[in-house]
Amino acid sequence: MGLLQLLKSQFLSHLLICYVFLVSGIIINLLQLCTLPVWLLSKQLFRRINIRLAYCISSQMVAALEWWSGTECTLYTDPKSYPLYGNENAIVVLNHSFEIDFLCGWTFCERFGVLGSSKVLAKKELAYVPVIGWMWYFLEIVFCKRNWEQDRRTVAQGLQNLHDYPENFWFLLYCEGTRFTPKKHQISMQVAESKGLAKLKYHLLPRTKGFWVTVQNLRGTAVYDSTLNFRNNETPTLLGILHGKKYHADLYVRRIPLELIPEDEAECAAWLHKLYQEKDAFQEQYSQTGRYPAPVVSPPRRPWSLINWLFWSCLLLYPLGLLLAQLISSGSMLTIFTSVALCSAASLGVRWMIGQTEINKGSSYGRTQIDDIVKMCDTVITGAALMLQ
């Protein structure tokens with residue numbers, strides 16, 4: 001094991017990443033709060049400022065994947081569609097099979113310059129969570145309750161408010177609603193059989209209501225059907241990323257003009273089920289050949305996520321180092337004992353958070369759920385846990 005790899009595997013390194021992320025996040029949240037008067041003067045200027053402030057938080061997660069672990073992301077797509085990526089609004093439909101699939105989705109956003117303006121739908125409780133939840137509040141993320149009849153109108157209004165958004169954005173959706181596991185897949189296929197739907201091998205049945213409401217209220221965008229897998233049958237984990245383990249992700253993206261998607265709810269649901277049958281076929285091809293049916297395009301890593309991460313690290317770790325040096329030089333046993341106790345508590349908390357994001361600790365498929373739009377909160381939970389290590 002090399003010296004750098006040894007450094008990445010140490011819990012102290014993970015604790016410092018946690019410190020930088022949380023403290024910088026709180027500082028950025030306070031800066032976002034200071035932008036509220038700007039809304040009264042210029043809503044579009046308020047939005048542009050908060051896109052860049054939000055980037056300072058979310059890009060730290062992407063930096064952990066791209067620069068800390070060195071994970072590679074290869075894109076398979078139609079060369080004719082490639083120039084449009086990042087230059088239009090889009091609904092990105094992702095499969096939900098891995099602990100870090102949301103990070104790969106965010107990396108895709110970062111490579112094309114729309115990470116700061118990327119959107120999701122999350123449950124209402126997350127609006128009160130510091131750093132991520134507060135950041136999303138200022139990005140005009142739609143927060144939902146667990147009552148679809150109430151959420152239908154709230155979601156529609158929130159999406160319509162994005163029609164005059166000043167910069168291109170991507171709207172990320174996990175239509176399966178929860179991560180794929182064998183148990184959930186078995187239950188899902190029982191539902192498919194009872195409804196006379198085609199069975200899927202690599203996906204759960206998509207939840208159609210949230211998708212239909214999204215496409216109805218974001219007309220004028222495109223749909224990016226995105227299918228993710230990892231080479232050599234790897235099962236990447238958040239702990240692996242934090243320990244600096246390198247993975248290689250392959251992402252297949254198809255651009256589908258929104259006018260090809262039916263506006264009728266029943267027809268749109270049938271269209272989405274057909275889309276997932278096609279995604280299943282793509283995954284079958286990948287499992288047999290190790291490739292997707294499109295040319296390889298490799299958008300380069302942009303340095304900005306790394307520069308942002310280094311900036312906040314230098315800004316916050318230097319005073320922390322001075323503080324620790326003073327504590328040690330003071331010789332006070334009480335001070336040293338308190339510091340050790342706090343670090344131990346942080347260690348236990350971090351390990352607990354990581355445990356909650358493991359796939360086998362995920363939500364139980366088959367419970368009463370609103371839709372895929374509510375389950376987008378998985379992104380926040382896993383994203384926050386990634387940086388809290």
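When ring centroids are compared, Y252 and Y292 come within the 6.0 Å threshold.
Here E167 does not pair with R47 in a salt bridge; the nearest charged N to carboxylate O distance is not below 4.0 Å. Looking at R291 and D250, no side-chain N of the basic residue comes within less than 4.0 Å of a carboxylate O on the acidic one, giving no salt bridge.
Residues satisfying the ring pair (Phe, Tyr, Trp, His ring centres under 6.0 Å) test with H273, not counting sequence neighbours, are none. Remark: E278 pairs with R254, K274, L275, F282 by the side chain to side chain contact (heavy atoms under 4.5 Å, CB included) rule, at least two apart or across chains. Taking the side chain to side chain contact (heavy atoms under 4.5 Å, CB included) definition, one finds that C56 meets it with I28, N308, W312, sequence neighbours left out. Under the side chain to side chain donor-acceptor pair (under 3.5 Å) criterion, K246 pairs with no residue, sequence neighbours left out. With sequence neighbours left out, F138 forms a ring pair (Phe, Tyr, Trp, His ring centres under 6.0 Å) with no residue at all. Among residues two or more places apart in sequence or in another chain, the side chain to side chain contact (heavy atoms under 4.5 Å, CB included) test is passed with A249 by C73, C104, L228, F230. For the ring pair (Phe, Tyr, Trp, His ring centres under 6.0 Å) test, no residue two or more places apart in sequence or in another chain qualifies with F311. Looking at residues two or more places apart in sequence or on another chain, you find no side chain to side chain contact (heavy atoms under 4.5 Å, CB included) involving P83.
For CG of N233, the number of neighbouring non-hydrogen atoms (other residues, nucleotides, ligands) closer than 6.0 Å is 12 at most. Heavy-atom neighbours of Q285 CD from other residues, nucleotides or ligands within 6.0 Å: above the threshold of 12.
Evaluated for a ring-ring contact (aromatic ring centres under 6.0 Å, His included) with W170, the options Y224, W106, Y165 yield exactly one hit, Y224.
The salt bridge (charged side-chain N to carboxylate O under 4.0 Å, His left out) analysis of residues 18-32, with sequence neighbours excluded, yields no pairs.
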- Evaluate the criterion side-chain contact (heavy atoms from CB on, under 4.5 Å) for residue pair F171 and V223; output intermediate values, then yes/no. CA-CA 9 Å; F171 198 91; V223 169; over 6 Å; no
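Ring-plane geometry between F211 and W271 is classed as parallel, the angle between the planes falling under 30 degrees on a 0 to 90 degree scale with a further cut at 60.
Remark: K43 fails to qualify as a cation-pi partner of F46 under the 6.0 Å distance and 45° angle criteria applied to the six-membered ring.
In this structure a side-chain-to-backbone donor-acceptor pair under 3.5 Å is present from S118 to L115.
Cluster partners of Y128: none. The rule joins Ile, Leu, Val, Met, Phe, Trp and Tyr whenever side-chain heavy atoms lie under 4.5 Å apart, and it links nothing here. Taking Ile, Leu, Val, Met, Phe, Trp and Tyr as members and joining any whose side-chain heavy atoms lie under 4.5 Å apart, directly or through other members, the hydrophobic cluster of L322 also contains Y318. If you chain together ILVMFWY residues whose side-chain heavy atoms come under 4.5 Å of each other, L310 ends up grouped with W67, L306.
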